[in-house]
Amino acid sequence: MAAIHFDSNGLENFIADNELDEIKDQVRFAHQTLVNKTGAGADFTDWFHWASSQDQASLAPIHQAADAIKKNSKVLVVIGIGGSYLGSRMAIDFLKSPWHNELVQGDEVKVYFAGNAMSPMALDELDRVIGDQDFSVNVISKSGTTTEPAVAFRFFKQRLVAKYGEEGAKKRIVATTDAKKGALKNEATAEGYQTLVIPDGIGGRFSVLSAVGLLPMAVAGVNIENVLAGAAAAEKTYSSDDVHDNPALAYAAYRRILYDKGYTTEILANWEPSLQYLSEWWKQLMGESEGKNQKGIYPSSANYSTDLHSLGQYIQEGRRDLFETVVRIDHSKHDLPIPKTGNNEDGLLYLEGKSLEEVNKTAATGVVLAHVDGGVPNLAVFLDRQDEAGLGELIYFFELAVGVSGYLFNINPFNQPGVEAYKTAMFALLDKPGYEEQSQVYHDRLK
Ligand code: PA5
């Protein structure tokens, strides 16, 4: 049974009944384009059947690497940027806790993330957090040439060598990268690091269910087989090409209808702090896939309740180009009763003894009503439970939706040409060899 229940009731005031039918043939065509691999970027759609094609043998290298790290380390430093870290960070927060590192017990391993910023302060602080604890490094880069993780890797390699010596350091590095090419692959081969492969046909932001996401998850104690099983089941659940039978296609369709009405920013909202990184992962997935040729929905996020006291005012009364997709959990992993005191000094007598989960849900329902009244169309993705299979399904749901949505926008959802522009400017200003011509131009612009 599907863990997701997709709810479009919050569109009532914004979309007429016939509008979904009007777009359904376009959606069917976009879906077939994806399924039949006839569209732009089709070489990068292997994520489509990835989870259902994994087995014990293909997961064995990941488990071996995870077991070795668990045996000799208290800390794993995951070095990567964008799709090379957001998925595993999302999964660990979602399935373990955003406080995972503070809550570890016994042999459990803390997982920290580096290489997603150029900040010296961030590196120095992580260095101090690790202190004298035994640690290993999982450096992840599909291209093997991304500057931010490469810089961070230099720092942590140096630290490993200082602590464990040249040979000891090599045994504590796992490089997750392309099977054949890239600087990281070449270095791993030359130095003899253990490597895990990022499949050719899966781009960074779709790679969470490959070794990219699965090794850090396994080290954190996540049951990766169950995550894959959830995604594999989703492949069947979301296989119809009819918007009325396939909620992922309905989601893609409604987004497109809303966009055409001028709702060009989507806010992915949640009511659990452990879902904050789900939004970060989703923002990359949506933004890098759709934001091309001056088209696409701008992906934004809100974490409730906190953002009701910051973004809430804008969402309620600001520019009316927003719509909201709320991810809601039906059964929270924990519940607490609101403590009974018998007095009303804090004005909470009416709530005492009530389940905090129920209060959270009521707040979520109230906010939907207020935002809809304020002119913000609302979609909801209800997830039965915050567990491995549910996460696998959620990942597949959003990946499928954005693939279809990209083809509805008539763009290639699987490339990211725009990411190169900042690199060119940065390399030119850093005088990287090969950028001499641009260096001159950029330096002149700053004069
Ligand atoms: O989706 C993508 O492919 C990108 O966003 C990458 O994840 C990101 O740029 C990191 O690239 P790499 O893994 O090659 O270092």
Side-chain angles (χ1 to χ4, degrees), residues 34 40-48 50 77-91 113-118 137-157 173-188 193 195-217 277-292 296 298-299 395-396 398-403 405-406 411-427 432:
L34 180 65
D43 287 353
F44 288 94
T45 55
D46 286 0
W47 53 269
F48 197 87
W50 180 257
V77 180
V78 177
I79 299 177
I81 194 166
S84 289
Y85 93 103
L86 286 167
S88 59
R89 180 140 197 198
M90 149 180 85
F113 294 87
N116 51 65
M118 209 68 103
V137 167
N138 178 204
V139 54
I140 309 173
S141 178
K142 179 157 162 85
S143 64
T145 55
T146 310
T147 313
E148 288 84 349
V151 168
F153 185 40
R154 274 206 176 200
F155 278 97
F156 284 101
K157 245 181 325 193
I173 295 170
V174 180
T176 307
T177 189
D178 189 86
K180 296 189 202 89
K181 55 181 191 306
L184 181 58
K185 172 65 189 167
N186 296 341
E187 180 181 344
Y193 308 147
T195 54
L196 294 173
V197 172
I198 309 181
D200 278 346
I202 300 184
R205 59 191 172 277
F206 290 84
S207 68
V208 50
L209 299 180
S210 74
V212 171
L214 295 181
L215 177 62
M217 285 189 225
Y277 264 86
L278 173 73
S279 298
E280 298 307 317
W281 169 83
W282 172 91
K283 283 194 280 193
Q284 188 205 2
L285 182 72
M286 294 295 181
E288 268 190 11
S289 301
E290 273 183 3
K292 283 156 211 170
Y298 181 76
I395 288 169
Y396 195 84
F398 284 128
E399 288 183 344
L400 176 61
V402 81
S405 180
I411 48 98
N412 177 352
F414 305 111
N415 65 0
Q416 54 284 330
V419 178
E420 293 311 309
Y422 101 88
K423 292 185 189 168
T424 305
M426 178 177 80
F427 292 149
K432 184 173 174 172

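Counting starts at 1 for both ligands and their atoms, following the listed order. For reference, positions follow the sequence shown, starting with 1. Quantities reported herein were computed from a predicted structural model and do not represent experimental measurements.
Atom 7 (O) of ligand 1 has as its closest protein heavy atom Gly83 N, 2.8 Å. Among protein heavy atoms, atom 8 (C) of ligand 1 sits closest to Ile81 O, 3.8 Å. The nearest protein atom to atom 3 (O) of ligand 1, hydrogens excluded, is given as Gly204 N, 3.2 Å; this is a heavy-atom distance.
Phe427 does not carry Lys423 over the face of its six-membered ring by the limits of under 6.0 Å from the centre and within 45° of the normal.
Of all the heavy atoms in Ser141 and Ser84, the pair that sits closest is CA-OG, 4.0 Å.
Arg154 CZ to Ile79 CD1: the interatomic distance, rounded to the nearest 0.5 Å, is 13.0 Å.
Distances below 4.0 Å separate heavy atoms of Glu288 from the following atoms of ligand 1: 1 (O), 2 (C), 4 (C), 5 (O). Near Ser143, with a cut-off below 4.0 Å to any heavy atom, the atoms of ligand 1 are 12 (P), 14 (O), 15 (O). Listed by atom number, the atoms of ligand 1 under 4.0 Å from Ser84 heavy atoms are 7 (O), 12 (P), 13 (O). Close contacts between ligand 1 and Arg205 involve ligand atoms 1 (O), 2 (C) [criterion: under 4.0 Å to a heavy atom]. Against a heavy-atom cut-off of under 4.0 Å, Lys142 is close to the following atoms of ligand 1: 12 (P), 13 (O), 14 (O). For ligand 1, the atoms lying closer than 4.0 Å to a non-hydrogen atom of Thr146 are 11 (O), 12 (P), 14 (O), 15 (O). Close contacts between ligand 1 and Gln284 involve ligand atoms 1 (O), 2 (C), 4 (C), 5 (O), 7 (O) [criterion: under 4.0 Å to a heavy atom].
Proximity of Asn138 to Pro216: side-chain heavy atoms (C-beta onward) are separated by under 4.5 Å at one or more points. Residues Phe414 and Leu34 form a side-chain contact, since some pair of their non-hydrogen atoms from C-beta on lies under 4.5 Å apart. No side-chain heavy atom of Phe206 sits under 4.5 Å from any side-chain heavy atom of Trp50.
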